[in-house]
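Order of appearance sets the numbers: ligands from 1, and atoms from 1 within every ligand. Throughout, residue positions are numbered sequentially from 1 according to the sequence presented. The figures that follow rest on heavy atoms only: side chains count, while hydrogens, waters and symmetry mates do not.
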Amino acid sequence: MLCPTNLLFTLVFISITPFSQVVHALALQSQHAHGGGCIPVERAALLSFHKGITSDGGDVLASWHGYNCCQWRGVSCNNRTGHVTKLHLRNAIPDPGISCRYYDVCGDANSLFGKISPSLLSLKHLEHMDLSMNCLLGPNSHIPHFLGSMKNLRYLNLSGMQFTGRVPSQLGNLSKLQHLDLGEGYLRTDRMHSTDITWLTKLPLLQYLRMSTINLSRVDDWPGTLNMIPSLRVINLAECSLDTASQSLPYLNLTKLEKLDLSWNNLGHSVASSWFWKLKSLKYLSLGRNQLFGKLPEALGNMTSLRVLDLSGNNLNKTENFENVLKNLCCLEILDLSANYMNGDIVLLLEGLPRCAWERMVELHFHTNHFIGTLPNIIGAFSSLSTLNLYSNNLVGPIPPGLMNLTRLTVLSLWGNQLDGYVPTENGDLTALTYLDLCCNNLIGSIPAELGNLKHLASLTLSGNKITGPIPPEVMHSTSLTSLDFSNNKPQWKCTH
Ligand SMILES: *[C@@H]1O[C@H](CO)[C@@H](O)[C@H](O)[C@H]1NC(C)=O
Ligand SMILES: *[C@@H]1O[C@H](CO)[C@@H](O)[C@H](O)[C@H]1NC(C)=O
Ligand SMILES: *[C@@H]1O[C@H](CO)[C@@H](O)[C@H](O)[C@H]1NC(C)=O
Ligand SMILES: *[C@@H]1O[C@H](CO)[C@@H](O)[C@H](O)[C@H]1NC(C)=O
Ligand SMILES: *[C@@H]1O[C@H](CO)[C@@H](O)[C@H](O)[C@H]1NC(C)=O
Ligand SMILES: *[C@@H]1O[C@H](CO)[C@@H](O)[C@H](O)[C@H]1NC(C)=O
Ligand SMILES: *[C@@H]1O[C@H](CO)[C@@H](O)[C@H](O)[C@H]1NC(C)=O
Ligand SMILES: *[C@@H]1O[C@H](CO)[C@@H](O)[C@H](O)[C@H]1NC(C)=O
């Protein structure tokens, strides 16, 4: 089975511009540089938008003066026509990380505050508008309906903006739209909602749709509606209060869909009854936190493009068809089965993962389940592994030497099992390791001095074991370690994680 490389994601543009056009462009350019930049009506529209901004702690609009608006920060013009085509005022927040999904843009002094002025309607050639992560809620905190009249938009990003009220169906007038991002806006109790999303079917070019955290609980047959937009490549309806995905669709038009995120909904039905299992083009499927149960469907076995499969936080147990279903998923890189009711021997689980993907797998999340048995040496064959989470299971026996072969491992978390034996001293090949947590097992012996030589190791937790003896100077004086925990290493210590 062949896995396409990332090359396929790279688009190469070759543009051939006729000579006459180049001359024309150069002429216009110099005219703009000397004669006054942008088109006066559009400049006025931008200044009027600026008037609606009440606070700009990040000084984003500091450059918005002078004649040539095409040189203002966040503004781009077509270099042939001089028209404003792009308004990119995204508030680039520091990466919040996975632990902090929602960012309070209205509590961030660097956000733009105020309103989105209807003056923007004068930017008749605007194709790209990104106002994401700002607090531009206007008087009523609703998405302004007039955005639906910005007919040339191909890209609209209002993510993280904390709007409330109904999603305006007027957005269905943006018939050229390719990317629509309204997601991640929730930080309030009155979250944005929609009872009818059929206006989306008026967007025949739509490739990317994110409406995560918008309450869609009263939308009828949302899969049927999305199935009318065959151009879609990405659908993200995470945390939309959807209560079922078990609608049956006679025919699947979504042949281009690569990414489907339905995590954090209330599906609560058998996993196999979902509508999407025949989407063979999927590369990314996230069904985390949905109370799904039952057998994985045989059709999953045909999703041979899958790279990421997230089934975490459901009520799944490891059924007998498990290995058979996964066996042809040769592109799999990330598998998350954490926080389910999976049991059985860890050896059978690992051996059951598609052999054609062993060397490709980057992340395995099997923590918070009921796996038993001893971690086998074959774990060393998963040579690309960067994260291995097996914490909070019932594993016994020693840490296998094969694990020490994983030169790309950065995160290893085995806490909360009943592992015994020594902390391996032959760990010199774990050169990428930054995080090691072996807490709350039954490990014995002393702290290996070799751990102090892992150059990148930042966090080391050996607490809650039966380890004795001094802390070796190599570990004490390690320059990389920022967090060390050796507490509770007394015999008979009982873990309460
Ligand atoms: C016009 O802009 C495009 C990209 O927006 C750029 O590739 C091209 O070189 C520019 N042409 C001139 C004459 O500046
Ligand atoms: C919209 O902006 C956010 C950041 O503000 C970004 O994470 C997201 O990928 C953008 N959406 C699209 C479709 O580009
Ligand atoms: C935009 O959409 C609304 C409802 O979806 C419709 O009533 C209105 O006529 C449309 N406006 C334009 C300018 O097409
Ligand atoms: C979503 O809307 C439904 C119906 O209006 C409501 O009962 C439910 O509480 C809302 N869910 C959330 C998470 O706001
Ligand atoms: C999509 O599939 C349905 C059947 O589920 C069909 O009725 C509809 O015409 C198709 N729509 C498009 C846009 O292809
Ligand atoms: C998997 O795909 C093959 C070939 O397209 C097809 O014959 C088979 O029925 C599919 N299996 C399932 C369970 O959908
Ligand atoms: C598997 O899960 C189902 C439903 O969640 C449950 O009825 C069944 O008893 C479970 N089987 C095992 C072996 O745990
Ligand atoms: C680990 O590496 C050693 C030495 O390079 C090799 O002999 C052994 O077969 C490897 N083990 C696994 C499970 O890959």
Find out if the SG atoms belonging to C330 and C356 lie under 2.5 Å from one another. yes

Qualifying residue, where the test is side chain to side chain donor-acceptor pair (under 3.5 Å) with S111 and the options are N91, D104, D56: N91

Give the atom numbers and elements of ligand 2 that come within less than 4.0 Å of a heavy atom of D181. 1 (C), 8 (C), 10 (C), 11 (N), 12 (C), 13 (C)

Closer than 4.0 Å to some heavy atom of S132 - which atoms of ligand 2 meet that? 2 (O), 4 (C), 5 (O)

Counting only nitrogen or oxygen atoms and a 3.5 angstrom limit, does E298 reach ligand 6? no

Residue N302 vicinity, atoms of ligand 6 by number, heavy atom under 4.0 Å: 1 (C), 2 (O), 3 (C), 8 (C), 10 (C), 11 (N), 12 (C), 14 (O)

Contact check: H179 vs ligand 2, nitrogen or oxygen atoms, below 3.5 angstrom: no

In this structure, CE of M161 is separated from OG1 of T164 (nearest 0.5 Å) by 13.5 Å

Residues E258, R307: salt bridge by 4.0 Å N-O rule: no

Ion pair present between E320 and K295, side-chain N to carboxylate O less than 4.0 angstrom? yes

Judging by distance only, is a nitrogen or oxygen of R210 under 3.5 angstrom from one on ligand 2? no

Is there a side-chain contact between N152 and R154, using heavy atoms and a 4.5 Å cut-off? yes

Spacing of CG belonging to D310 relative to CD1 belonging to I334, to within rounding of 0.5 Å: 9.0 Å

Taking distance alone, with N or O pairs closer than 3.5 Å, would you say K280 contacts ligand 6? yes

Decide yes or no for L158 and L136: does some side-chain heavy atom of the first lie under 4.5 Å from some side-chain heavy atom of the second? no

If you round to the nearest 0.5 Å, how far is OG of S159 from CE of M211? 13.0 Å

CD-SG distance between Q71 and C77, expressed to the nearest 0.5 angstrom: 9.0 Å

Going by the atom numbers of ligand 2, which of them fall below 4.0 Å from some non-hydrogen atom of M133? 5 (O)

Would G160 count as a contact of ligand 2 if the rule is a heavy atom under 4.0 Å away? no

Contacts for ligand 4, heavy atom under 4.0 Å, by chain and number, are R191, N215, S217, R218, S241

